[in-house]
*Asks:* 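Before we start, here is the structure in question, set down as structure tokens.
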2 protein chains.
Amino acid sequence: MSTAEETAGGETSAWGEVTPDAARRLLIAAVEAFAERGYHATTTRDIAGRAGMSPAALYIHYKTKEELLHRISRIGHEKALEILRTAARREGTAAERLADAVSSFVRWHAGGRTTARVVQYELDSLGPDAREEILALRRQCDAEVRGIIEDGIASGEFDVLDVKGTTLAVMSLCIDVARWFNVDGPWAPDEVGALDADLVLRMVGVK
Amino acid sequence: MSTAEETAGGETSAWGEVTPDAARRLLIAAVEAFAERGYHATTTRDIAGRAGMSPAALYIHYKTKEELLHRISRIGHEKALEILRTAARREGTAAERLADAVSSFVRWHAGGRTTARVVQYELDSLGPDAREEILALRRQCDAEVRGIIEDGIASGEFDVLDVKGTTLAVMSLCIDVARWFNVDGPWAPDEVGALDADLVLRMVGVK
DNA sequence: GGGGACTCTAAGCGCTCGCTCACCTTCGGC
DNA sequence: GCCGAAGGTGAGCGAGCGCTTAGAGTCCCC
């Protein structure tokens, strides 16, 4: 049960808010199809077929194919933001919070690679308005990470030359996991999370 | 340095080997179109139009639209490999060679973002045979970076826990530049290259 | 048990896609 | 000055696209 299980791993919880059931099945089918082939190469017939429905059924629940991508992007970014926000606001030193943020964010990208891939790489397929809405969420994600780094500098824990650039690099490390991570590869999401957390701490001058 | 210059920056040199002139113009037009809209969202009419030709002219020089992507991917990966190989084989300490590799590789991704975007993110749009050929080049790129890191460990310069994971992280940092870099943004390619080189040296435990 | 809301389907519309084909130029060699 | 190759065009083919529509099945409330 590769696909269903992978999607179930940490993602169905996020799709739980999507109702009714048929709409959720279509959305999950769309995530899988977009992740595999890309938004433009995916046909509405393919999405409906994966959900076990006729092509027309899609349009009962969604106005257009783009609305599916929009919904997926928004829910995915909200989940990403929640992950980072949780890590940023917990108790602990800046180093602990940064390591927590990176490892959980990386775990999300690795374990939910299907969703993460769509969320991170299909943004440009959205129309201008939808893209701007999603970009605002993305800036909030950046801000959470930057906040932790600034805290660490203020407390003297971190030694950082360029806050904005280092923040971008941290995000790069996390997001790029969605590009290369392979479920059948040698790593478990936990391992990549721990490894990248260690590397990020080195980047900010801890140890 | 708009599109023409950006393309000229480090890329037309690479396209110089493409002849005749019309074939090169089509190829450059395809790079721009693929980078802007993605492979599947780009039409052959758009490519031909950008090159100032009729839609049919494309098929005099290329058998299919996919052949264009294949050619772009191969030439781009060969250029990337050449950049990394040059840095890996120069004189100097492992730290100097790693910093050189990262900064020049990042400069290529930032300055030639148009090409790099196609090369790094449109791989899955190729057919199985072509993809496998390109993946072989990509593995060679990884190997060059891993080689430098292993040299640094052997010489005692670097302190690295996981060679394979650290190599992947270094590549992530470089490649992801193609996703976020904006020509009109606050950074010059040189600056990003220097910043990321510094961060990578921290990751391998130098300083 | 009849009516309305909701869900889904079969069929297909209009359009654009990748690609082809018949034909037209341009030009160097003799 | 004629000829064949090379490089180009306008028109258009078959296919598949996103999406619509007319109508059938199902369920719940009265």
*Asks:* Quick check on C:dC8: is either OP1 or OP2 less than 4.0 Å from any side-chain nitrogen or oxygen of A:His61?
*Replies:*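 Yes, A:His61 has a side-chain N/O under 4.0 Å of OP1/OP2 on C:dC8.
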*Asks:* Respond yes when some side-chain nitrogen or oxygen of A:Ser54 is under 4.0 Å from OP1 or OP2 of C:dA10, and no when none is.
*Replies:*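 For C:dA10, neither OP1 nor OP2 has a side-chain N or O of A:Ser54 closer than 4.0 Å.
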*Asks:* How many whole angstroms separate atom OH of B:Tyr62 from atom P of D:dG8?
*Replies:* 12 Å
*Asks:* Give the intermediate values and the outcome of side chain to side chain contact (heavy atoms under 4.5 Å, CB included) for residues B:Ser172 and A:Val177.
*Replies:* CA-CA 8 Å; B:Ser172 279; A:Val177 168; 5.7 Å; no
*Asks:* B:Ile60 CD1 to C:dT20 P: how many Å, rounded?
*Replies:*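 After rounding, the gap between these two atoms is 12 Å.
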*Asks:* Could you give the distance from CG (B:Leu27) to CD1 (B:Ile75), rounded to the nearest 0.5 Å?
*Replies:* 5.5 Å
*Asks:* Looking at A:Arg97, A:Arg146, A:Arg89, which hits salt bridge (Lys or Arg N to Asp or Glu O under 4.0 Å) with A:Asp151?
*Replies:*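 Of A:Arg97, A:Arg146, A:Arg89, salt bridge (Lys or Arg N to Asp or Glu O under 4.0 Å) with A:Asp151 is met by A:Arg97 alone.
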*Asks:* How many whole angstroms separate atom CG of B:Leu58 from atom C1' of D:dT9?
*Replies:*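 The distance from CG of B:Leu58 to C1' of D:dT9 comes to 14 Å, rounded to the nearest Å.
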*Asks:* Between B:Arg107 and B:Gly193 (side chain of the first, backbone of the second, donor and acceptor by atom type, cut-off under 3.5 Å), is there such a pair?
*Replies:* no
*Asks:* Can you tell which of C:dC8, D:dG8, D:dG18 lies closest to the side chain of A:Thr44?
*Replies:*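 Per side-chain heavy atoms of A:Thr44, the pick is D:dG18.
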*Asks:* I need the residues from residues 64-73 of chain A with at least one non-hydrogen atom less than 4.0 Å from DNA chain C; give them sorted by number, or say none.
*Replies:* none
*Asks:* Indicate whether any N or O donor in one side chain lies under 3.5 Å from an N or O acceptor in the other, for A:Arg179 and A:Gln120.
*Replies:* no
*Asks:* Would you say C:dT20 has OP1 or OP2 under 4.0 Å from some side-chain N or O of B:Tyr59?
*Replies:* no
*Asks:* Can you tell me the distance, in whole Å, between the CG atom of A:Leu26 and the C1' atom of C:dC8?
*Replies:*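 After rounding, the gap between these two atoms is 11 Å.
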*Asks:* Compare the minimum distances between each of D:dG10, D:dT21, D:dC19 and the side chain of A:Ala56, then state the nucleotide with the smallest one.
*Replies:* D:dT21
*Asks:* For B:Lys63 and C:dC21, what is the distance between atoms NZ and C1' respectively, to the nearest whole Å?
*Replies:* 18 Å
*Asks:* Do A:Arg45 and D:dG16 have a side chain to base donor-acceptor pair shorter than 3.5 Å?
*Replies:* no
*Asks:* Under the side chain to side chain contact (heavy atoms under 4.5 Å, CB included) test, which residues partner A:Arg37, sequence neighbours left out?
*Replies:*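 In terms of side chain to side chain contact (heavy atoms under 4.5 Å, CB included), with neighbours along the sequence ignored, A:Arg37 is linked to A:Ala41, A:Thr42, A:Asp46, A:Arg50.
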*Asks:* I need the B:His109 NE2 to B:Ile83 CD1 distance, nearest 0.5 Å.
*Replies:*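 Result: 8.5 Å between the selected atoms.
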*Asks:* Looking at C:dC8, C:dT7, D:dT9, which one has an atom nearest to any side-chain atom of A:Met53?
*Replies:* C:dC8
